[in-house]
There are 2 protein chains.
Amino acid sequence: MHVHAQVTGDERASGGRYDRPVTSPATGPNPRRIGRPRSNSRPLVGDPTDEILAAASRLIGLLGVGGTAMSRIASEAGLKQSSLYYYFHRKEEIVAALVARANVVPLELARRITDDGGPAAVQIYRFVRADVVALCALPFDINEIHRIAARDPAGFAEYWTERATLEGLIEAWVRHGISDGHLRDVDPVLTAMTILSNDEGVQNWFRLGTAREPQAVGAAVADLVVGGLVAAPSRLDRVRRAADRIDFQ
Amino acid sequence: MHVHAQVTGDERASGGRYDRPVTSPATGPNPRRIGRPRSNSRPLVGDPTDEILAAASRLIGLLGVGGTAMSRIASEAGLKQSSLYYYFHRKEEIVAALVARANVVPLELARRITDDGGPAAVQIYRFVRADVVALCALPFDINEIHRIAARDPAGFAEYWTERATLEGLIEAWVRHGISDGHLRDVDPVLTAMTILSNDEGVQNWFRLGTAREPQAVGAAVADLVVGGLVAAPSRLDRVRRAADRIDFQ
DNA sequence: CAGACTTTTCGATGGAACATCGAAACAGGC
DNA sequence: GCCTGTTTCGATGTTCCATCGAAAAGTCTG
């Protein structure tokens, strides 16, 4: 029977290999692997799935999704083109796996900041500053991935769920800030959307070549966003100092 | 001699037909056109270049650049696939022509606002509000086009020049606002970049389906941006009223 | 330790899309 | 009528995504 028939729903979500072994992947010095040997004789370093994702990530950052051929990814991962389809059914699944990784960082960040508590303005400041830096550090442009995810809501369902969660956390900060009078009376939904858009948009232009350091860009954007939200501008300095105390010590 | 050999540098920049006739295109009731007739018998309505761009714009908005096949554009414009290449050498040239059109609106807007003069905060407020609306009204996602333009700086040289001009105009507003004390002491370059990123990022999320009206989104973003820039937050109300007086009367 | 089964890889192939080439089909001027 | 220039087409080449069946290894069972 052909291996494709063994695919279950779960692997689609995980974006990984068809039948992922429960045992850890080959890591020893002489990783005896089953299956037909590769035509090239290069030593096999780790989990092929990870190697594929690493190659894809690098290439997509360089050439974009459309400009990155499956054959190129395969060759950089030490495989032939058709062998890729053993690990990922379609090109989009590779993209989905990459976006799933990228999504973890901002979401973890937001959760940690929510757990830390503190004034809403400080929370938002901390988030924006770190989010911009994190997005700038990604090897590829998150906006391009967004666009692909938007055209295939079913295939990227997990992504959109996480995205909604993230937006919800930010909304909650904004709501708290408004109710305790520290923030202006803005639309929380629109504001959360704008904050995320802003981070991603800036990341885009940073990628296109700005001399600024990501840290500086992040701080500037955080200044602008929080400055636009706080009820009294004199608070901005205190907010910045509070954020620095938490994150830079 | 093949028609390709007749291409000059100019047509590349204009993104149009190989040898654009100086005479106006057929507009009469019975526009007798020279050249081989089309295989379909549909009546020919206007300039084929415009029809191609209209079809491409619609399809790209629907399916994205990668998802829009040249054969599809051709068929919607009443042509066979290979006939497109008489008007545009490559798919990217169609994209370049579209982006050239899209770029006109924000640049004109910024120039008019500069000519109008007035306080920097009002200028920025007016720009952001109108820019967001204009970007939301585009049939396609400007961010996708940006990315393609970024990967081919030579082919989109005109676009990048105009972009730099736009950024320069905004920078000048910010500089003026700082020097006369109405705006906080921010980095003008970074701020101009952030403002444009913000507009484009919000446009992106609006396109993905928000219940808000573009007008409302634009006003909210303008509030946030200008609120983050003005030295005294009490000024925000006055700025908004001043902008309303100019644009909504 | 032979043979069945599983895992991983490959080569061949089909189909879709971009792009090029040469020629066909018209109009207008000589 | 014939030549020239304009616009369109069909055929073709190449590249890329994706599928299929089989090959080449290891592992398990009797």
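Basis for what follows: all heavy atoms, side chains included, without hydrogens, waters or symmetry-related copies. Letters A, B, ... are given to chains in the order of the sequence lines, protein chains preceding strands, and every chain is numbered from 1.
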task = Give the intermediate values and the outcome of side-chain contact (heavy atoms from CB on, under 4.5 Å) for residues B:Asp152 and B:Ile148.
result = CA-CA 7 Å; B:Asp152 179 14; B:Ile148 293 168; 5.9 Å; no
Interatomic distance, A:Arg38 CZ vs D:dG26 C1' [rounded to whole Å] = 16 Å
inquiry  = If I take atom CZ in residue A:Phe88 and atom C1' in nucleotide C:dT9, what distance separates them, rounded to the nearest angstrom?
reply    = 16 Å
ask   = Roughly, in whole Å, what's the span from CG in B:Leu79 to C1' in C:dA19?
value = 16 Å
inquiry  = Just N and O in the side chain of B:Tyr86: are any of them under 4.0 Å from OP1 or OP2 of D:dT8?
reply    = no
Side-chain donor/acceptor of B:Arg36 to base of C:dA24, under 3.5 Å = yes
Between D:dC9 (P) and B:Tyr87 (OH): distance, integer Å = 9 Å
key: Backbone N/O of B:Glu200 and side chain of B:Asn143: donor-acceptor pair under 3.5 Å   = yes
key: Between C:dA24 (C1') and B:Ile34 (CD1): distance, integer Å   = 15 Å
query = Phosphate oxygens OP1/OP2 of C:dC18: is one of them under 4.0 Å from a side-chain N or O of B:Lys91?
reply = yes
ask   = Is there a donor on the side chain of A:Gln81 or the base of D:dA18 sitting less than 3.5 Å from an acceptor on the other?
value = yes
task = Tell me which of B:Met70 and A:Ser83 sits closer to the 5' end of DNA chain C, going by the nucleotide each one is nearest to.
result = A:Ser83
note = Between B:Val65 and B:Gly35, whichever has its closest DNA chain C nucleotide further toward 5' is B:Val65
key: Any B:Ser82 side-chain N or O less than 4.0 Å from OP1/OP2 of D:dG10   = no
task = Round to the nearest Å and state the distance from B:Ile94 atom CD1 to C:dA17 atom P.
result = 15 Å
Indicate every side-chain donor-acceptor pair of residues 106-115 of chain B with a distance under 3.5 Å to a residue at least two apart or in another chain.
{"unit_1": "B:Thr114", "atom_1": "OG1", "unit_2": "B:Ala110", "atom_2": "O", "d": "3.0"}
{"unit_1": "B:Thr114", "atom_1": "OG1", "unit_2": "B:Trp173", "atom_2": "NE1", "d": "2.9"}

Qualifying ring-ring contact (aromatic ring centres under 6.0 Å, His included) pairs, either residue in residues 133-153 of chain B, two or more places apart = A:Trp205-B:His146, B:His146-B:Tyr159
request  = Could you tell me the separation between the OH atom of A:Tyr85 and the P atom of C:dT13, rounded to a whole number of Å?
outcome  = 18 Å
Side-chain donor/acceptor of A:Lys91 to backbone N/O of A:Val65, under 3.5 Å = yes
request  = Using atom CZ of A:Arg90 as one end and atom P of C:dG15 as the other, report the distance to the nearest whole Å.
outcome  = 20 Å
